[in-house]
Every structure is written in C-alpha cells, then in structure tokens.
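Because only heavy atoms are used, hydrogens play no part in the values below, and waters and symmetry mates are left out as well, while side chains stay in.
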Amino acid sequence: MTIEIERFKSEWEELVELLDLAFAAPWTDEQYEAVRGVMEFDRSTAAVDDGQLVGHTGSFSLQVSVPGGQLPMAGVSMVSVRPTHRRRGILRDLMRTQLTDLHEAGEPLAGLTASEPVIYPRFGYGLATDHQAVVVPKASRALRPVAGIDDVRIRFVDAREYLARCAGLRNKLALEQPGMFQHNETWQQAEIGTSMSSNAGNASKLRCVVAERDGELTGFAYYRTRRADKAYVNVERVHAADLASHAALWRYLLEPDLLSETRCDTLPSDDPLLDLLLDPRAPSATTRDGLWLRTVDVAAALAGRAYARDVDVVIEVIDDFLPWNAGRWHLTGGPDGAACTQASRDADLTLHVRDLAAVYLGRPSLAGLGRAGLVEEHTAGALAVASEAFSTIRLPFLDTGF
C-alpha cells in the first residue's frame, strides 16, 4: 500500500513506541513526560502505512535570538522512521512536507539537534552553533584573579522555588546570545522537570546555587554530583549577568569536596572560563555540534537580522530541496536592520543554502567557507565585506536541546 504523509492523528503511546524503536537508547519516563508537556501535536507530521505509524516529525514554536533581534524558529524534534520502513524515502517526504508547511505559516527558520549529523545537510540544514565538553581536574581548578569576585555571595536555593527568577535572568541574557530561544513557562517546567529527582548513575538530585550582590540575583547554576568510577560535579548550566558572578559560580563548581573533577557537556565555545583557567590544558575541551539551522525563507531570514557593517551584496542561493529559496537575493543592511529582495543584477557570491544557514548566526565565517571552496566569489572583495557583515561579537550558542 502507499505510505501516506499526513497530520499526526495517532495516540501519544503509539508515538512513544515509534521513538523507542527508532532510537537506540529509549528515553526515561520522566523525559517522555517532559516532552509531552511541551508537545504541540498540531505541528506534527506523520507517515502512515496501512493504519500504522511508521514515521514522524514534530516541531516546537520557538523565538530564537538572531543578531540584532529575534525571529520565529520551528524547533524540529522527534524525527523518526520505523526500522522496518527505512530506505523508502519516508524521511525525505516528511522533511519536505514539514518545511513546506512552515513556509506557508510564515516561519523563516527551522532548527534541530541531530542524533546523526550527516543526515540533515541534504535537507538544507547547516551547523550554526557548537559548544565545548570540558573536564577540569580538581588539581587544575585555579582561576585568574577577577575584580569583584569576593563581593558575590553564592548560596543554595530550592530549584523549583527559584525557577521563575532564574528563568527570567536566563531569558534576559538569551536576548543577547544568538542561537538561544526564550523559555516560556512550559519550557521552564520541562527543563527542570527531568532533573529534579535522582537518576541512574548514582547521581544526586538537581542542585541550584545562585550568585547575588547586595541581595540582587546576578547568576545561577544547575548541577548534580555523581559517584561513578570517578566522583565528579556534573554542571548542567551556568548563567550570569557579569564576569564577577560568572567567575564566582565557576570557582564554587570547581572546588567540590570529595569529588575529583568538574564536567560540563555544554559550555559556550567563547565562555570566559576557557580564558580564566590558569592551566590552558585543564579543560580538555572537545568541540561538539549544537544547533543545525535551516533557512525556510531566505529573504525573510536575511532581512530579519542585523549586520556588523553596512553591506550591499547579491547572493545566489542553491537550494534543490525548497525551490522558492533558489535564485539571486539582494541583501542590503547594516547594524540597524536589513532588507532582502529578489535581485535583477548578477550575483556577487554563490553558495548552498545549508552553508548560508551555517553562517547565519555568526559562525563560522563566510570567508572561512570560501577558503574551503564552499562560497564562490564573482565580484572581487565581496566575500570579505559580506563575511565581516555576518560576523558577531558573541559566538552563537544553544543551551537547551530539543
């Protein structure tokens, strides 16, 4: 029978069964409940074979920070195909249907975190953020002096009681960090809900410490302690409004009693901690991929962000998956905003839509992609100017997977 691509109409339990089959490591009950809490079922697309759910892709309606502002982004998640139905083009059809629906709804961006990163470039997704996984031994915890660090008070609080205050600070900071999306109340509950109790691996419950100065909240950290082959601190997130608070939180996290090291799997690639540690080898940092981004509407996406310098360039975009994006686009703009329309003049640059998505938030550089042969320059000097325009002061970062 023909496999039908349609709106998701199945029961939650059937989707759970599909996800358990599709992913090698099934989620815990807590994780499923957290996902169900943020699930937007009307945004899900299903593949159905003779009444059986054999494929699925869903998305969350998010507001993501881009240079100079915010834009709607579909947070694509729970992408799965039943193992018995692979290599039939189901994933391609799901992706095309989903992206078409997003375009018709006026959402200019789609983003995802990939279980297998080689899958999504063929659908136009480019790697837009990365982060560092670090392991700092207790013996290498020493930090450079930071002015004001001793004026910051660190204390334990109840994570649930302080949830709204901590989330408010995090959302404020997220406005200035490309790649981060706003946590509404539902996302706040989901983010903390899977972490409140102890879990496998001899881990403690989630702990929260806050940084304060003169009674004002200036930062917070979520972490847990684990007793395994090595007993260690596992840091889940650190947010701070100033350097002294940031350093004070990390000083606390790096000095655990009875534990040998401090780990963090999602440290921003430009986090001050990497420069504050006296021993540059101490973090043993490993770069990992974060947000994979897709420009669903090239014109709206390019017009929706600000640029580091004035730019006037025609970009020819290659997009063989979403034909409405293919062609030449005239981008004009600067620090105060931009406009983008279809172009009548010859292109200054040519690149694939996945590479445009990769540089959209400010990393990597267009010039770097040019050196790799991924951007073709037709007008001398256009690549350097455009590369500078797309650059950002902060490296983009995704702090919340979905």
Side-chain angles (χ1 to χ4, degrees), residues 64-71 73 108-111 121 124-130 175-180 268-270 287 289-322 324-398:
V64 67
S65 294
V66 302
Q70 288 185 294
L71 283 178
M73 180 183 76
L109 300 170
Y125 285 87
L127 178 57
T129 79
D130 60 25
L175 293 173
E176 304 300 323
Q177 181 77 65
M180 290 175 63
S269 291
D270 60 356
T287 302
D289 61 291
L291 177 68
W292 290 78
L293 194 67
R294 216 296 180 192
T295 49
V296 180
D297 184 326
V298 165
L302 291 179
R305 59 155 288 180
Y307 296 86
R309 58 159 293 172
D310 290 342
V311 62
D312 185 333
V313 64
V314 172
I315 302 173
E316 183 177 11
V317 176
I318 300 170
D319 191 342
D320 49 9
F321 198 67
L322 302 182
W324 57 80
N325 283 326
R328 290 169 291 158
W329 299 98
H330 185 194
L331 170 65
T332 57
D336 296 327
C340 186
T341 58
Q342 284 190 309
S344 57
R345 76 184 203 206
D346 292 340
D348 300 305
L349 304 172
T350 298
L351 75 167
H352 196 279
V353 70
R354 62 174 170 264
D355 298 314
L356 178 63
V359 302
Y360 179 76
L361 295 176
R363 118 2 80 232
S365 71
L366 264 175
L369 293 185
R371 289 191 295 273
L374 299 176
V375 181
E376 184 177 0
E377 183 181 52
H378 307 293
T379 303
L383 179 56
V385 171
S387 184
E388 184 180 346
F390 273 83
S391 67
T392 54
I393 295 175
R394 297 287 305 277
L395 289 179
F397 172 60
L398 176 69

Subject >> From CA spacing to verdict: side chain to side chain contact (heavy atoms under 4.5 Å, CB included), V66, M73 >> reply: CA-CA 10 Å; V66 302; M73 180 183 76; over 6 Å; no
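- For T287, the side-chain hydrogen bond (donor to acceptor under 3.5 Å, both in side chains) test picks out Q132, with sequence neighbours left out.
- Checked by atom type and distance alone, the side chain of R394 never pairs as donor or acceptor with a backbone atom of E176 at under 3.5 Å.
- Atom CH2 of W329 is separated from atom CD of Q342 by 4.5 Å, given to the nearest 0.5 angstrom.
- The two residues A128 and A357 come nearest to each other via the heavy atoms CB-O, 3.8 Å.
- Shortest non-hydrogen contact noted between G68 and A306 is CA-CB, 3.9 Å.
- For S269 against D130, the heavy-atom pair with the smallest separation is OG-OD1, 2.6 Å.
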Subject >> Verdict with supporting geometry, V353 and L322, side chain to side chain contact (heavy atoms under 4.5 Å, CB included) >> reply: CA-CA 10 Å; V353 70; L322 302 182; over 6 Å; no
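- Looking at Y360, its side chain never comes within 3.5 Å of a backbone N or O of L109 through a donor-acceptor pair.
- When all heavy atoms of A308 and P335 are compared, the pair lying nearest together is O-CG, 4.1 Å.
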Can you give the donor-acceptor pairs under 3.5 Å from side chains of residues 364-384 to other protein atoms, not counting sequence neighbours?
from	atom 1	to	atom 2	distance (Å)
S365	OG	G368	N	2.8
E377	OE2	G381	N	3.1
E377	OE2	A382	N	3.1
E377	OE2	L383	N	2.9
H378	NE2	T350	OG1	2.7
T379	OG1	D348	OD1	2.7

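- The CZ atom of R328 sits 11.5 Å away from atom OG1 of T341, with the distance rounded to the nearest 0.5 Å.
- For the atom pair CG (L71) and OG1 (T295), the distance works out to 12.0 Å, reported to the nearest 0.5 Å.
- Between atom OH of residue Y307 and atom OG1 of residue T332 there is a gap of 9.5 Å, rounded to the nearest 0.5 Å.
- A donor-acceptor pair under 3.5 Å links the side-chain atoms of D270 to the main chain of L395, judged by distance alone.
- Side-chain contact check for P67 versus R305: some heavy-atom pair is nearer than 4.5 Å.
- With hydrogens and angles ignored, the 3.5 Å screen pairs no side-chain donor or acceptor of E316 with any backbone N or O of A326.
- Here the closest heavy-atom approach between residue T129 and residue R363 is recorded as CA-CD, 3.9 Å.
- Taking CG of L127 as the reference point, atom CG of D355 lies at 11.0 Å (rounded to 0.5 Å).
- Across every non-hydrogen atom of G362 and P396, the tightest pair is C-CD, 4.2 Å.
- At least one donor-acceptor pair closer than 3.5 Å links the side chain of W324 to the backbone N or O of V296.
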**OP:** Run the numbers on I315 and L351 for side chain to side chain contact (heavy atoms under 4.5 Å, CB included), then give the verdict.
**Re:** CA-CA 8 Å; I315 302 173; L351 75 167; 3.2 Å; yes
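- Separation of atoms CG (D319) and CG (L356) is listed at 9.5 Å; rounding is to 0.5 Å.
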**OP:** Please lay out, stage by stage, how V313 and V385 fare under the test side chain to side chain contact (heavy atoms under 4.5 Å, CB included).
**Re:** CA-CA 9 Å; V313 64; V385 171; over 6 Å; no
